[in-house]
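Letters A, B, ... are given to chains in the order of the sequence lines, protein chains preceding strands, and every chain is numbered from 1.
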2 protein chains.
Amino acid sequence: MKGYGQFCPVAKASEILAERWTPLVLRELLAGSHRFNDLRRGVPLMSRSLLSKRLRSLEDAGVVERRARPGLQAHEYHLTPAGEELRPLVEVLGNWGQRWVLADVEEDDLDPSLLMWDIRRGVRTEHLPEDRIVVRFDLRDVAGAHGRWWLVVGGGEIDLCLTDPGFEVGLHLRVSQRTLTRYWLGQIDWSQALADDLELVGPRWLQRSIPTWLGRSAFAGVERPSGPSG
Amino acid sequence: MKGYGQFCPVAKASEILAERWTPLVLRELLAGSHRFNDLRRGVPLMSRSLLSKRLRSLEDAGVVERRARPGLQAHEYHLTPAGEELRPLVEVLGNWGQRWVLADVEEDDLDPSLLMWDIRRGVRTEHLPEDRIVVRFDLRDVAGAHGRWWLVVGGGEIDLCLTDPGFEVGLHLRVSQRTLTRYWLGQIDWSQALADDLELVGPRWLQRSIPTWLGRSAFAGVERPSGPSG
DNA sequence: CAGTATCCGATGCGATACTG
DNA sequence: CAGTATCGCATCGGATACTG
């Protein structure tokens with residue numbers, strides 16, 4: 001049996017949406033990913049076959065539209081109007097998760113690639129300095145290739161590299177992935193991150209500017225129940 | 001693997017909420033069911049073991065509180081503050097389902113018990129006549145025991161019976177379960193139901209009053225995309 | 001009534017290999 | 001790159017039986 005055998009709108013919506021991975025795929029689509037491998041980057045633990053299958057189900061459900069890319073046999077995945085209207089759902093999920101679930105970040109949920117990809121996507125281009133800056137991130141507790149990143153920003157351009165792009169590094173961050181994740185999520189502020197284990201090396205003015213253009217999660221501002229007025 | 005391995009609030013919330021049956025269990029709790037078998041009535045196709053298991057998971061997640069009932073070894077299930085804050089989630093799901101999924105009611109989703117139970121719960125007591133009235137429903141296309149119902153309303157009392165309670169029947173409805181379901185869901189109005197296959201037998205004033213106190217789904221008023229301004 | 005324990009079949013899903 | 005097909009296991013979940 002697939003459905004719930006109920007005419008209730010909550011049940012009919014849940015048949016489509018309350019499946020494993022589906023809300024995360026929607027989150028990625030709503031965040032603006034359209035290509036298969038871009039979507040994959042947002043859900044790295046999901047297998048290709050399953051992502052393919054889910055996209056197909058969502059297409060059948062009228063949530064996703066698959067557009068062929070001319071020449072190639074690849075596609076682009078876009079939300080239909082019905083899919084766009086799922087933004088409130090993902091927001092409500094995220095707000096609730098931020099308020100009630102993320103008491104502490106579990107070790108299993110840390111993922112340096114996901115974090116850096118989010119950071120890249122969240123850079124506030126409107127607050128960037130004019131000139132190009134290379135920011136090096138050293139995630140001190142991450143061994144191997146995923147422990148060093150170069151973020152190239154400025155001049156309307158944002159790039160994230162796992163290998164040294166060669167330009168001079170303007171600012172160098174050394175921080176544990178936990179602290180950077182907690183800052184990203186809004187659990188601690190910049191000064192608390194500095195107090196924990198964030199170290200900055202570089203010109204004073206750059207150290208000052210970075211929190212203005214380094215974004216945070218869309219849910220960073222959600223008030224927690226144990227907070228001031230909760 | 002159980003979780004999604006992501007620190008994202010959407011992912012953490014989905015680990016708890018985007019599981020099979022879970023949104024429907026939440027719907028029932030939000031609708032005010034607290035006892036195991038009351039919950040079951042709202043999700044009749046869910047097995048007891050699974051409902052038990054889900055309630056346990058929700059308890060572990062801090063969404064449900066299980067209270068022992070003194071003397072008995074039974075419990076009452078109540079939403080915690082975190083659980084109460086899931087009301088917007090269920091509303092968003094229902095709104096979206098109403099707008100985009102319920103194009104037509106599928107045969108598999110019809111369920112006379114669920115429908116009559118919903119109707120019972122939705123009776124607008126504040127619009128009821130003073131005196132007790134017995135309304136008999138004949139679901140003409142439902143064979144067997146679930147095709148005849150007696151709704152006893154009035155004087156602050158609402159009862160739903162599958163067997164003749166013995167009182168004099170004040171109003172008699174004959175209608176297909178599809179038409180009654182479509183009215184309940186807001187897909188057709190009362191006059192359209194009468195035009196389809198709804199027949200009423202009883203005093204004129206009672207025929208007039210019934211649509212004022214017979215409620216409809218909480219999502220009946222949600223505008224459909226193909227509607228006037230969509 | 002109000003569940004819990006056990007069994008076992010369905011299927012969900014990841015791994016791998018393959019294709020244009 | 002952008003997926004799809006196949007295989008096999010692990011888990012989910014329904015049926016049944018059992019308990020206080």
Side-chain angles (χ1 to χ4, degrees), chain A residues 1-6 11 14-25 28-29 33-61 64-78 108 111 117 162, chain B residues 1-6 11 14-26 28-29 32-61 64-78 108 111 117 162:
Chain A
M1 185 194 49
K2 195 69 201 308
Y4 294 119
Q6 296 192 8
S14 299
E15 288 179 5
I16 297 169
L17 305 171
E19 257 189 317
R20 185 163 165 80
W21 289 111
T22 299
L24 305 212
V25 173
E28 291 306 305
L29 287 163
S33 291
H34 299 294
R35 312 253 299 255
F36 192 81
N37 278 350
D38 285 350
L39 291 167
R40 282 206 73 201
R41 184 155 10 196
V43 283
L45 266 51
M46 186 180 191
S47 72
R48 272 173 304 185
S49 15
L50 188 53
L51 175 56
S52 175
K53 193 174 144 191
R54 279 286 182 282
L55 287 168
R56 197 72 77 160
S57 315
L58 289 172
E59 194 187 0
D60 293 344
V64 162
E65 182 197 344
R66 157 188 316 229
R67 299 183 192 159
R69 281 202 286 158
L72 308 162
Q73 69 167 64
H75 298 88
E76 276 191 356
Y77 301 91
H78 288 263
D108 285 350
D111 183 325
W117 184 248
L162 271 168
Chain B
M1 184 194 50
K2 194 66 201 309
Y4 294 119
Q6 297 193 6
S14 298
E15 287 180 6
I16 298 170
L17 304 171
E19 258 189 317
R20 185 163 164 80
W21 289 110
T22 300
L24 305 211
V25 173
L26 292 171
E28 291 305 304
L29 287 162
S33 291
H34 300 293
R35 312 253 299 253
F36 192 80
N37 278 349
D38 285 350
L39 292 167
R40 282 207 73 201
R41 183 153 15 193
V43 282
L45 266 50
M46 186 181 191
S47 72
R48 272 172 305 186
S49 16
L50 188 53
L51 175 56
S52 176
K53 194 174 144 191
R54 277 289 180 281
L55 288 168
R56 196 73 76 163
S57 316
L58 290 172
E59 194 186 359
D60 294 344
V64 162
E65 182 197 344
R66 158 189 313 231
R67 299 181 191 158
R69 280 202 287 157
L72 308 163
Q73 70 164 64
H75 299 88
E76 276 191 356
Y77 300 90
H78 289 263
D108 284 350
D111 183 325
W117 184 248
L162 271 167

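Stems are defined here as 3 or more consecutive Watson-Crick or G-U wobble pairs with pairing distances under 3.5 Å; those involving DNA chain D are C:1-20 with D:1-20.
The CZ-C1' distance, from B:R20 to D:dT11, rounds to 14 Å in whole Å. Rounded to whole Å, the distance from CG on B:L50 to P on D:dA15 is 11 Å. At whole-Å resolution of the value, OH in B:Y4 and P in C:dG14 are 10 Å apart. Regarding B:H34, its NE2 atom lies at a distance of 17 Å from the C1' atom of C:dA2, rounded to whole Å. If you measure from atom CD of B:E15 to atom C1' of D:dT11, you get 16 Å, rounded to the nearest angstrom. C:dA2 atom P lies 10 Å from atom CD of B:E76, rounded to whole Å. The CZ-P distance, from B:R35 to C:dG3, rounds to 9 Å in whole Å. The distance between atom CE of B:M46 and atom P of C:dG3, rounded to the nearest whole Å, is 13 Å.
Among the nucleotides C:dG14, D:dG14, D:dA2, the one closest to any side-chain atom of B:S47 is D:dG14.
The side-chain heavy atoms of B:H34 and B:L39, taken from C-beta on, include no pair separated by under 4.5 Å. Side chains of A:R40 and A:M46 form no contact here, defined as non-hydrogen atoms less than 4.5 Å apart. Within the 4.5 Å cutoff, the side chain of A:L24 has heavy atoms near those of the B:S14 side chain. Here the side chains of B:Y4 and A:L45 are not in contact, with every heavy-atom distance at 4.5 Å or above.
For the side chain to side chain contact (heavy atoms under 4.5 Å, CB included) test, no residue two or more places apart in sequence or in another chain qualifies with A:S57. For the side chain to side chain contact (heavy atoms under 4.5 Å, CB included) test, residues two or more places apart in sequence or in another chain that qualify with A:R69 are A:R35, A:L72, A:A74, A:E76. Legend: residues meeting side-chain hydrogen bond (donor to acceptor under 3.5 Å, both in side chains) with A:R66, ordered by chain and number and at least two apart, are A:E59.
The salt bridge (charged side-chain N to carboxylate O under 4.0 Å, His left out) contacts involving residues 42-51 of chain A comprise nothing, where partners must be two or more places apart or lie in separate chains.
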Between the protein and nucleotides 4-7 of chain D, list every N/O to N/O distance that falls short of 3.5 Å.
| from | atom 1 | to | atom 2 | distance (Å) |
| --- | --- | --- | --- | --- |
| D:dT4 | OP1 | A:R56 | NH2 | 2.6 |
| D:dT4 | OP2 | A:S52 | OG | 2.1 |

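The side chain of A:R69 places an N or O atom within less than 4.0 Å of a non-bridging phosphate oxygen (OP1 or OP2) of D:dA2. Side-chain N/O atoms of B:R54 include one lying less than 4.0 angstrom from OP1 or OP2 on D:dG13.
Note on ring orientation: taking the six-membered ring where Trp is involved, the planes of B:Y77 and B:F36 are tilted (angle from 30° to 60°).
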